[in-house]
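Everything on this sheet refers to the single structure shown next.
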Amino acid sequence: MLSSVARRLITRAKSSARLPTPSRAFSEESLARYCQGGYHPVRIGDVFANGRYEVLRKLGYGLYSTVWLAFDSEIRRHVALKLLTADCYGHEKDTFELDILRDIRSKAAAAPESQHILSLLDTFEHVGPNGKHVCLVFKAMGPDMSRFRREFPSYRIPIPLLKSISRQLLLALAFLHDTCQVIHSDIKPEIILIETTKINVLFEMASLKTLLSRLPSFDPPNDFYIQSSQISSAKEDLSCATEVSIRLADFGTGGKPKLSMAFSLINPEMLRTPEVILGAKWDRKIDIWNLGLIIWELAQGALIFDGRWSASAPYTSEAHLAQMEAVLGKVPQSLLSRSRHRDRFFDGEDQLLVPQTFPNMPLETIFTNPGMSESDKVLFLDMIKSMIQLEPRKRPDARSLLESAWLN
């Protein structure tokens, strides 16, 4: 029987996967950030880069950007246009995103695995009422993985397809880590984008009118605040798709190893690594941990950790560490000894300062995918265990993981 925390994680995953009901009361990026240094107010029909790109609909948003479907009049194809907030460059906390994307583009031709990275097509600057914005142009893609998994019962990706997706993600990381010397540091389902042949045909052949947004916006003068939506082909049932390609996107928090090993909180909270929580120096192995948790989630339909003491409690690092120890065993002394925040969480005997309330929950006891054979389950758990070892130095690199028995 699953423990209460494991049941809670499944419930949390299912409840968070419900599609929103369109309404004028929608909420997306912070409206207050439409100010000096913040977002640029984009409206449907706006044009950029001397008229080359015409905005058709909103695809998404983040803390430092909004993303739009646009028509590129030069190549006669739909593209994704990402407008960064004006404070992303020329201020104290510049992003490395544009530098990383340019580096990736310069090395992509000689590396076939780069096809699993959403590479930069074009970049330009746009001056608006809130400042100067760096604008990035990418290939238009289908839904992200958090949406795609909703096509399947219990939000579990079918095992043959999951193996293909896992291989593609590992190829993407091998290219980033080995060829580009880049750490992503923010891998999550929302930045794993899918494409199929029919989705690509849609973006190549559909008329502007077909993809023009009809979703609600706020009333003027705030009519730039528009509900976003992801796109797939009406001619395709994604739950039946067997040939799905993925691309890893969004390098807004990425960096080079020499720039990325500082003591700082990164990663999405529930995917955060022990070394980040504890304030130890981190490296590319944080991406391996993130990916291991994501592959588990796509197979199980639920998270491993949520960092909460109870269903109604907020996230805390203390609860997250306690859950890690309940599932993976004690945090090794080798990691604690190089952790700046060790004494915030552990006593002199390497015991958690906040008493452990979670029962022991080895991965074998909480994994319940009826579509996986017992022999396949053993191989799957072996791979996941290797990817989420508490001691980051013991986690294999992406290229080694491509040789995992479960994938072959």
Side-chain angles (χ1 to χ4, degrees), residues 12-35 38-48 53-72 77-86 88 118 126 128-130 133 135-151 155 186 188-195 199 202-203 206-238 247 249-250 252 268:
R12 180 182 178 91
K14 290 183 177 179
S15 64
S16 66
R18 297 191 183 102
L19 287 168
T21 301
S23 167
R24 293 188 71 82
F26 63 91
S27 177
E28 303 216 339
E29 71 274 13
S30 171
L31 190 59
R33 281 281 281 150
Y34 282 91
C35 61
Y39 298 111
H40 176 67
V42 179
R43 293 173 173 85
I44 303 303
D46 282 357
V47 293
F48 292 86
Y53 302 107
E54 180 180 353
V55 172
L56 302 179
R57 65 192 298 152
K58 185 179 179 185
L59 296 175
Y61 63 94
L63 285 175
Y64 302 103
S65 64
T66 55
V67 184
W68 305 81
L69 183 71
F71 184 74
D72 183 343
R77 181 189 170 99
H78 296 87
V79 295
L81 175 61
K82 181 176 183 177
L83 278 78
L84 304 184
T85 54
C88 281
L118 189 62
H126 181 81
N130 296 329
H133 304 265
C135 304
L136 310 172
V137 181
F138 302 96
K139 182 182 187 295
M141 297 286 291
D144 66 40
M145 193 58 65
S146 69
R147 299 292 180 94
F148 179 59
R149 63 189 288 241
R150 299 174 193 179
E151 301 286 335
Y155 314 105
D186 193 32
K188 53 191 175 186
E190 290 80 3
I191 58 90
I192 300 168
L193 307 180
I194 76 156
E195 61 182 326
I199 288 173
L202 173 70
F203 290 130
S207 67
L208 275 68
K209 184 178 179 180
T210 299
L211 297 178
L212 190 67
S213 177
R214 296 174 181 84
L215 292 174
S217 65
F218 280 15
D219 294 329
N222 294 329
D223 51 334
F224 54 80
Y225 197 81
I226 302 171
Q227 189 173 28
S228 63
S229 65
Q230 299 179 19
I231 299 175
S232 57
S233 173
K235 298 181 179 179
E236 180 174 37
D237 180 354
L238 286 177
R247 296 187 189 231
D250 196 353

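Qualifying salt bridge (charged side-chain N to carboxylate O under 4.0 Å, His left out) partners for Glu54, counting only residues two or more places apart in sequence or in other chains: none. Not counting sequence neighbours, Ser27 has no partner by the side chain to side chain donor-acceptor pair (under 3.5 Å) test. Scanning for side chain to side chain contact (heavy atoms under 4.5 Å, CB included) contacts around Ile44 gives Val55, Trp68, Leu212, Ser213, Ile226, with sequence neighbours left out. Taking Tyr34 as the reference, Tyr39, Phe224 meet the ring pair (Phe, Tyr, Trp, His ring centres under 6.0 Å) condition, with sequence neighbours excluded. Residues passing the side chain to side chain donor-acceptor pair (under 3.5 Å) test with Asp223 are Arg43, sequence neighbours excluded. For the ring pair (Phe, Tyr, Trp, His ring centres under 6.0 Å) test, no residue two or more places apart in sequence or in another chain qualifies with Tyr61. The side chain to side chain donor-acceptor pair (under 3.5 Å) check on Asn130 picks up nothing, with sequence neighbours excluded. For Pro129, the side chain to side chain contact (heavy atoms under 4.5 Å, CB included) criterion is met by His40, Pro41, not counting sequence neighbours. Residues forming a side chain to side chain contact (heavy atoms under 4.5 Å, CB included) with Lys209 (at least two apart in sequence, or on another chain): Ser207, Arg214. Listed by chain and number, the residues in a salt bridge (charged side-chain N to carboxylate O under 4.0 Å, His left out) with Arg57 amount to none (sequence neighbours excluded). Listed by chain and residue number, Lys188 satisfy the salt bridge (charged side-chain N to carboxylate O under 4.0 Å, His left out) test with Asp186 (two or more places apart in sequence, or in another chain). Listed by chain and residue number, nothing satisfies the side chain to side chain donor-acceptor pair (under 3.5 Å) test with Glu190 (two or more places apart in sequence, or in another chain).
The structure places NZ of Lys58 at 10.5 Å from OG of Ser229, a figure rounded to the nearest 0.5 Å. Note: Arg247 CZ to Lys139 NZ = 5.0 Å, rounded to the nearest 0.5 Å. One distance of note links CG of Leu59 with CD of Gln230; it measures 8.0 Å at 0.5 Å rounding. Atom CD1 of Ile194 is separated from atom CZ of Phe148 by 4.5 Å, given to the nearest 0.5 angstrom. Atoms OH and CD, on Tyr225 and Glu29 in that order, are 5.0 Å from each other to the nearest 0.5 Å. Atom NE2 of residue His133 and atom CZ of residue Phe48 lie 9.0 Å apart, to the nearest 0.5 angstrom.
Side chains of Phe138 and Val67 form no contact here, defined as non-hydrogen atoms less than 4.5 Å apart. At a threshold of 4.5 Å between non-hydrogen side-chain atoms, the residues Cys135 and Leu81 count as touching. Arg33 has its side chain within reach of Tyr64: a pair of non-hydrogen atoms, C-beta onward, lies under 4.5 Å apart. Residues Leu69 and Phe203 meet the side-chain proximity criterion, which asks for heavy atoms closer than 4.5 Å. The shortest distance between side-chain heavy atoms of Asp250 and Lys82 falls below 4.5 Å.
When atom types are taken as modelled, the side chain of Gln227 and the backbone of Phe26 share no donor-acceptor pair closer than 3.5 angstrom.
Heavy atoms only, all atoms of each residue included: Gly60 and Ser228 are closest at N-CB, 3.7 Å. Taking each heavy atom of Leu118 and Met141 in turn, the nearest pair found is CD1-CG, 3.8 Å. Residues His78 and Ala140 share a closest heavy-atom pair of O-CB, 3.7 Å.
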